[in-house]
Amino acid sequence: VSEAALRLSATGLSSLEAAMQLDVNSSWVNAEYARELAIAGDLQRAQEISLNAINLQPLDIEALVTRGIILRRAGDTA
């Protein structure tokens with residue numbers, strides 16, 4: 001996961017919306033959905049969903065990195 005990943009087009013958004021309905025308790029699904037939301041430009045929702053991913057699995061490195069990238073993209077550098 002990198003800053004460059006947020007520059008890709010949001011092609012998997014509808015698939016991940018469906019995956020969220022099937023497995024809302026998956027840290028991976030939440031993190032990927034948050035990434036796709038950020039790619040689509042919905043940084044507010046991406047921040048909310050990325051926090052869900054971390055709350056589900058606090059030690060999920062991919063979720064933590066994804067959230068950090070989203071927060072940086074949103075201008076939160078604290």
Looking only at heavy atoms, which two atoms of [X] and [Y] are closest? And how far apart?
{"X": "Ala53", "Y": "Asn30", "answer": "CB-CB, 3.6 Å"}
{"X": "Ser50", "Y": "Ile70", "answer": "CB-CD1, 4.1 Å"}
{"X": "Thr66", "Y": "Ala31", "answer": "CG2-O, 3.7 Å"}

For the backbone of Gln47 and the side chain of Arg67, can you confirm whether one donor and one acceptor N or O come within less than 3.5 Å of each other?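 The answer is yes, because a donor-acceptor pair under 3.5 Å joins these two groups.
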Going by side-chain hydrogen bond (donor to acceptor under 3.5 Å, both in side chains), name the residues that satisfy it together with Asp60, two or more places apart in sequence or in a different chain.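 Applying side-chain hydrogen bond (donor to acceptor under 3.5 Å, both in side chains) to Asp60 gives Ser27.
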Pairwise distance [atom1]([X]) to [atom2]([Y]) - rounded to 0.5 angstrom:
{"X": "Leu51", "Y": "Leu56", "atom1": "CG", "atom2": "CG", "value": "9.5 Å"}
{"X": "Gln57", "Y": "Asn25", "atom1": "CD", "atom2": "CG", "value": "10.0 Å"}
{"X": "Arg73", "Y": "Leu43", "atom1": "CZ", "atom2": "CG", "value": "6.5 Å"}

Under the side-chain contact (heavy atoms from CB on, under 4.5 Å) rule, collect the residues that match up with Ile61, sequence neighbours excluded.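 Here the qualifying residues are Leu64, Val65.
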For Asp42, what residues pass the side-chain contact (heavy atoms from CB on, under 4.5 Å) criterion, not counting sequence neighbours?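 Checked Asp42 against side-chain contact (heavy atoms from CB on, under 4.5 Å); matches are Leu37, Gln44, Arg45.
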